[in-house]
Amino acid sequence: VQLVESGGGSVQAGGSLRLSCAASGYDYRPYCMGWFRQAPGKEREAVATIDSDGNTNYAHSVQGRFAISKDAAKNTLYLQMNNLKSEDTAMYYCARRNYVAGCMVVATSPTPPVFAYWGQGTQVTVSS
């Protein structure tokens, strides 16, 4: 499985960005995919997850501002980010694992998530 993120950039606080994650080389097993972020000097944190049935889960810090979605025909995962804040500044990564169990608690669990496949990341910078 290969994951390639795009769509990052610099934006002012209150603005919006949409991240994309193009997936290839996978089969059609049930899966959990997610967006994660890591700011300098901080641990990686989960932002949002979506499973193969379309169920979603969000971190409390982005609830109501971010939306995760997928386009199966394009093999692409998205993260729509609205009302961006300076604290959203980070490198954003998409990831995938080929099972669904636990997918709906990844974004709200303190336990480090286990995902087998990761993209290279895309930088998001929000200026205040």
Side-chain angles (χ1 to χ4, degrees):
V1 177
Q2 292 184 322
L3 304 172
V4 180
E5 302 96 334
S6 62
S10 296
V11 64
Q12 289 191 330
S16 298
L17 283 173
R18 188 176 81 156
L19 305 184
S20 299
C21 173
S24 62
Y26 64 93
D27 57 29
Y28 293 93
R29 283 177 284 181
Y31 63 81
C32 173
M33 293 192 72
W35 287 98
F36 300 80
R37 66 186 181 187
Q38 187 167 21
K42 295 187 177 182
E43 293 185 354
R44 184 174 59 196
E45 63 176 352
V47 175
T49 57
I50 187 168
D51 65 22
S52 43
D53 290 329
N55 300 301
T56 60
N57 183 241
Y58 296 91
H60 297 306
S61 60
V62 306
Q63 187 81 38
R65 300 188 298 122
F66 290 12
I68 189 171
S69 62
K70 58 186 177 74
D71 186 328
K74 296 182 178 180
N75 299 332
T76 301
L77 179 74
Y78 301 101
L79 184 69
Q80 177 67 43
M81 304 186 295
N82 299 324
N83 190 22
L84 282 160
K85 305 176 180 180
S86 57
E87 52 263 41
D88 295 319
T89 295
M91 184 72 79
Y92 283 71
Y93 301 88
C94 69
R96 175 188 170 110
R97 64 192 191 194
N98 290 335
Y99 59 93
V100 174
C103 190
M104 294 298 106
V105 298
V106 169
T108 52
S109 171
T111 303
V114 177
F115 280 72
Y117 307 103
W118 292 85
Q120 84 290 348
T122 185
Q123 178 67 39
V124 172
T125 302
V126 184
S127 57
S128 57

Checking Tyr93, Tyr92, Phe115 against Phe36 for ring pair (Phe, Tyr, Trp, His ring centres under 6.0 Å), the one that qualifies is Phe115

Distance-only, no hydrogens or angles: does the Tyr58 side chain make a donor-acceptor pair with backbone N or O of Ile68 under 3.5 Å? yes

With sequence neighbours excluded, give me every salt bridge (Lys or Arg N to Asp or Glu O under 4.0 Å) pair touching residues 81-95. Arg37-Asp88, Arg65-Asp88

Spacing of OG belonging to Ser52 relative to CG belonging to Asn98, to within rounding of 0.5 Å: 9.5 Å

Which atom names give the shortest non-hydrogen contact between Ala90 and Ala39, and what distance separates them? CB-N, 3.8 Å

When every non-hydrogen atom of Ser128 is compared with those of Ala13, the smallest separation belongs to CA-CB, 4.1 Å

Run the side chain to side chain contact (heavy atoms under 4.5 Å, CB included) check on Asn82 and Ser16 step by step: do they pass? CA-CA 4 Å; Asn82 299 324; Ser16 298; 3.0 Å; yes

Is it true that a side-chain atom of Thr125 and a backbone atom of Thr89 form a donor plus acceptor pair closer than 3.5 Å? no

Scanning both residues in full, the closest heavy-atom pair of Gly121 with Met91 reads C-SD, 3.7 Å

List the atom of Ser20, the atom of Thr76, and the distance in Å for their closest heavy-atom pair. CB-CG2, 4.1 Å

Working to the nearest 0.5 angstrom, can you tell me the gap between Gln38 CD and Glu43 CD? 8.5 Å

Ignoring hydrogens, what is the shortest heavy-atom contact between Leu79 and Ala48? Give both atom names and the distance. CD1-CB, 4.4 Å

So, do Trp35 and Phe66 have ring centers that fall under 6.0 Å from each other? no

Taking atom CE of Met81 and atom CG of Leu17, what is their separation to the nearest 0.5 Å? 4.5 Å

Above 12 or not: heavy atoms from other molecules or residues under 6.0 Å from CD of Gln63? yes

Indicate yes or no for a side-chain donor-acceptor contact from Asp53 to the backbone of Asn55 under 3.5 Å, with no hydrogens or angles considered. no

CE of Met33 to CG of Asp51: how many Å apart, nearest 0.5 Å? 12.0 Å

If we ignore hydrogens and angles and just use 3.5 Å, is the side chain of Thr49 paired with the main-chain N or O of Cys103 as donor and acceptor? yes

Please answer: with hydrophobic residues joined when any side-chain heavy atoms are less than 4.5 Å apart, are Tyr78 and Leu3 in the same cluster? no

Checking the side chain of Glu5 only, and the main-chain atoms of Cys94 only, is there a donor and an acceptor separated by less than 3.5 Å? yes

Is Arg96 positioned over the aromatic face of Tyr31, cation under 6.0 angstrom from the ring centre and no more than 45 degrees off axis? yes

State, to 0.1 Å, how close Val100 and Pro30 come at their nearest heavy-atom pair, and which atoms those are. CG2-CB, 3.7 Å

Ser109 side chain to Val106 main-chain N or O, any donor-acceptor pair under 3.5 Å? no

